[in-house]
Q: 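Pasting a structure here, questions to come.
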Amino acid sequence: MKATIATILMLILACAVIVAQEELTAKQIVDKSYETTKIAGAESVATLTIVDSKGRERIRKTAQVTKLYDNGDTEKRLVRFLSPADVKGTGLLTFDYADKDDDMWLFMPALRKTRRIISSEKAKNFMGSEFSYADMTPPVLDDFSYKILGEQEIEGVLCWEIELIPVDDDIADENGFLKKISYIARKDFVIRKAIYYDLDGELHKELLVKEVKEVDPENHKYRPMHMIMVNKQNDRKSILKVDKIQFNPDVKDEYFTTRYLERL
């Protein structure tokens with residue numbers, strides 16, 4: 001009898017979760033997808049493989065640290081290239097704000113100079129990859145309109161299919177797309193796929209997330225571990241694979257300064 005009651009309670013809870021999800025708006029789903037990847041602090045090492053249209057590869061190793069500030073409203077991130085020699089020491093420092101444009105600084109060892117990435121540059125490719133500067137951080141939520149188009153299964157995971165459209169031409173120019181279709185998993189709110197249309201409305205890029213890891217199980221926080229960005233217009237692609245990641249809310253604050261960014 002006890003087992004039967006427990007089963008009924010579990011079914012009621014599951015139904016409540018489903019109903020709650022169905023009541024979410026497209027904007028709320030996208031917001032939760034951003035929040036679910038915000039981790040109190042983390043350190044990771046990744047491999048970035050850049051493949052040209054002829055299949056030739058360039059492989060780059062990176063290290064990354066992230067930490068939340070301002071009660072989670074600001075996420076600071078430092079990405080530094082470890083190899084090969086021609087990019088070693090190059091770093092990108094990002095302050096991702098919840099309600100205003102991000103701050104970004106790029107350090108190039110060859111120039112021994114740090115420069116700020118301005119809004120008009122964010123649509124440009126990051127370090128020769130198919131990932132843009134804009135792809136490195138979530139955009140401001142109010143910069144887009146949102147619409148649920150339906151549902152679709154991606155890599156065996158049921159996802160909401162959500163259309164994002166910039167609210168004006170300036171936002172479109174800044175992000176480098178006229179429209180984006182995101183596929184966000186119902187079970188954990190982590191994006192599994194995204195399709196980008198360029199400023200002429202033509203199919204441009206496609207992102208596929210092949211693996212996701214729950215980095216902070218206590219708070220149900222996740223990170224994509226294997227992403228592939230394919231440029232449908234020039235047949236180039238970039239593969240970002242996280243080799244290892246560690247949850248660490250005590251990441252040093254000094255990492256998130258331009259002074260540390262310039263340290264060789």
Side-chain angles (χ1 to χ4, degrees), residues 33-50 58-70 72-98 102-109 114-117 121-122 124-139 190-191 194 207-217 219 221-229 237-264:
S33 77
Y34 295 156
E35 290 298 322
T36 199
T37 60
K38 284 186 175 182
I39 297 170
E43 301 176 77
S44 62
V45 176
T47 300
L48 174 63
T49 303
I50 301 171
R58 285 180 290 160
I59 298 176
R60 296 171 171 176
K61 290 283 187 179
T62 67
Q64 176 176 277
V65 288
T66 65
K67 190 174 183 178
L68 294 182
Y69 293 84
D70 305 326
D73 286 339
T74 302
E75 183 176 36
K76 297 184 180 181
R77 178 183 294 103
L78 173 65
V79 179
R80 193 185 295 279
F81 283 80
L82 305 177
S83 66
D86 62 333
V87 296
K88 184 178 180 179
T90 300
L92 179 70
L93 176 63
T94 304
F95 290 3
D96 173 28
Y97 305 108
D102 302 335
D103 286 323
M104 287 185 173
W105 297 269
L106 180 68
F107 174 67
M108 305 289 287
T114 293
R115 71 179 186 87
R116 184 186 290 268
I117 303 297
E121 296 179 291
K122 289 183 179 179
K124 292 183 178 179
N125 290 356
F126 173 61
M127 295 297 291
S129 74
E130 296 311 308
F131 295 97
S132 69
Y133 287 100
D135 293 327
M136 304 299 287
T137 59
V190 181
I191 191 168
L207 171 70
L208 187 62
V209 177
K210 302 286 288 184
E211 181 185 352
V212 170
K213 181 176 181 179
E214 190 174 22
V215 179
D216 178 7
N219 296 295
K221 299 291 185 176
Y222 301 82
R223 282 283 171 84
M225 299 293 288
H226 184 185
M227 297 181 289
I228 304 173
M229 183 74 86
K237 67 180 178 180
S238 295
I239 304 160
L240 183 61
K241 197 172 191 320
V242 178
D243 303 311
K244 59 181 179 179
I245 186 168
Q246 180 178 347
F247 174 64
N248 179 14
D250 299 318
V251 172
K252 294 180 180 179
D253 295 327
E254 67 174 302
Y255 291 161
F256 309 104
T257 63
T258 54
R259 185 173 184 178
Y260 190 87
L261 178 65
E262 296 170 352
R263 187 181 297 180
L264 295 175

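Computed from a predicted model, the values in this text were never measured in an experiment.
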Q: Less than 4.5 Å apart, any side-chain heavy atom of Arg259 and any of Leu261?
A: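 Contact flag for Arg259/Leu261 side chains = no.
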Q: Quick one: pull up OG1 in Thr94 and CG in Leu78 and give me the separation to the nearest 0.5 Å.
A: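 Rounded to the nearest 0.5 Å, the OG1-CG separation comes out at 8.5 Å.
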Q: Determine the minimum heavy-atom distance between Asn248 and Glu43, stating which atoms define it.
A: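 Shortest heavy-atom separation between Asn248 and Glu43 comes out as ND2-OE2, 2.8 Å.
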Q: Hey, is Glu75 close enough to Arg77 for a salt bridge, meaning N to O under 4.0 Å?
A: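 Answer for the salt bridge query: yes.
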Q: In terms of the angle between their ring planes, are Tyr260 and Tyr255 parallel, tilted or perpendicular, with boundaries placed at 30° and 60°?
A: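 Tilted, since the angle between the ring planes falls between 30° and 60°.
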Q: To the nearest 0.5 Å, how far apart are CD1 in Ile228 and NZ in Lys241?
A: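 Rounded to the nearest 0.5 Å, the CD1-NZ separation comes to 10.0 Å.
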Q: Leu82 and Lys88: which non-hydrogen atoms are nearest, and at how many Å?
A: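 Closest pair (atom of Leu82, atom of Lys88, distance): O-CG, 3.3 Å.
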Q: Hey, what do you get for NZ (Lys210) to CE (Met227), rounding to the nearest 0.5 Å?
A: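 CE of Met227 is found 13.5 Å from NZ of Lys210.
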Q: Given side chains that start at C-beta, do those of Tyr222 and Asp216 come closer than 4.5 Å, heavy atoms only?
A: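 No; the side chains remain at least 4.5 Å from each other.
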Q: Any side-chain heavy-atom pair from Tyr69 and Phe95 closer than 4.5 angstrom?
A: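 Heavy-atom side-chain distance check fails, nothing below 4.5 Å.
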Q: On a heavy-atom basis, which atom in Lys38 and which in Asp73 lie closest, and how many Å separate them?
A: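 Reported closest heavy-atom pair: NZ-O, 4.3 Å.
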Q: Can you confirm whether or not the ring centre of Phe131 sits under 6.0 Å from the ring centre of Phe126?
A: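 Not close enough - the centres of the two rings lie 6.0 Å or further apart.
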Q: For Asp250 and Lys67, work out which heavy atoms get closest and say how close.
A: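 For Asp250 and Lys67, the tightest heavy-atom pair comes out as C-NZ, 4.5 Å.
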Q: Would you check if Leu48 and Ile239 make a side-chain contact, meaning some heavy-atom pair closer than 4.5 Å?
A: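 The answer is no, as the side chains (C-beta and beyond) never meet within the 4.5 Å cut-off.
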Q: Do the side chains of Pro139 and Tyr34 get nearer than 4.5 Å, heavy atoms only?
A: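 Answer yes - side chains close enough.
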Q: With a 3.5 Å cut-off and no angle check, do the side chains of Thr47 and Asp243 form a donor-acceptor pair?
A: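 Per modelled atom types, Thr47 and Asp243 side chains form a pair under 3.5 Å.
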Q: To the nearest 0.5 Å, how far apart are CD1 in Ile50 and CZ in Arg58?
A: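 Rounded to the nearest 0.5 Å, the CD1-CZ separation comes out at 4.5 Å.
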Q: Are Thr137 and Asp102 close enough that a side-chain donor and a side-chain acceptor fall under 3.5 Å?
A: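 Result is yes, a qualifying pair exists.
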Q: Is it the case that Tyr97 and Asp103 place a side-chain donor and acceptor less than 3.5 Å from each other?
A: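 Result is yes, a qualifying pair exists.
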Q: Are His226 and Val209 side-chain neighbours, meaning at least one heavy-atom pair lies under 4.5 Å?
A: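 No, too far: nothing below the 4.5 Å cut-off.
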Q: Answer yes or no: is there a side-chain heavy-atom contact under 4.5 Å between Thr62 and Arg80?
A: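 No, every pair of side-chain atoms sits at 4.5 Å or beyond.
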Q: Given side-chain contact (heavy atoms from CB on, under 4.5 Å), test Lys61 with Phe81 step by step and report yes or no.
A: CA-CA 6 Å; Lys61 290 283 187 179; Phe81 283 80; over 6 Å; no
Q: Does the side chain of Tyr133 reach to within under 4.5 Å of the side chain of Asn125, using non-hydrogen atoms?
A: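 No - every pair of side-chain heavy atoms lies 4.5 Å or more apart.
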Q: For Ser238 and Glu130, which heavy atoms make the closest approach, and how far apart are they?
A: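 Closest pair (atom of Ser238, atom of Glu130, distance): OG-N, 2.8 Å.
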Q: Test salt bridge (Lys or Arg N to Asp or Glu O under 4.0 Å) on Arg115 and Glu121; report intermediate values, then the result.
A: CA-CA 12 Å; Arg115 71 179 186 87; Glu121 296 179 291; 3.0 Å; yes
Q: If I compare all heavy atoms of Ile39 with all of Leu68, which pair ends up nearest, and what's the gap?
A: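 Closest pair (atom of Ile39, atom of Leu68, distance): O-CG, 3.2 Å.
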Q: Any carboxylate oxygen within less than 4.0 angstrom of a Lys/Arg side-chain nitrogen, looking at Arg263 and Glu254?
A: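 Salt bridge between Arg263 and Glu254, a charged N being under 4.0 Å from a carboxylate O: yes.
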Q: Does one side chain, of Thr66 or Arg223, offer a donor that lies under 3.5 Å from an acceptor on the other?
A: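 Looking only at side-chain atoms, Arg223 and Thr66 do form a donor-acceptor pair, the distance falling under 3.5 Å.
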Q: Nearest 0.5 Å, what's the CG-CZ distance between Leu93 and Phe107?
A: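 Leu93 CG to Phe107 CZ: 12.5 Å, rounded to 0.5 Å.
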Q: Closer than 4.0 angstrom, basic N to acidic O: yes or no for Asp96 and Lys76?
A: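 Here Asp96 does not pair with Lys76 in a salt bridge, since their nearest N and O are not under 4.0 Å apart.
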Q: At what distance, to the nearest 0.5 angstrom, does CG of Leu207 lie from CG of Leu240?
A: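 Answer rounded to 0.5 Å: 10.0 Å.
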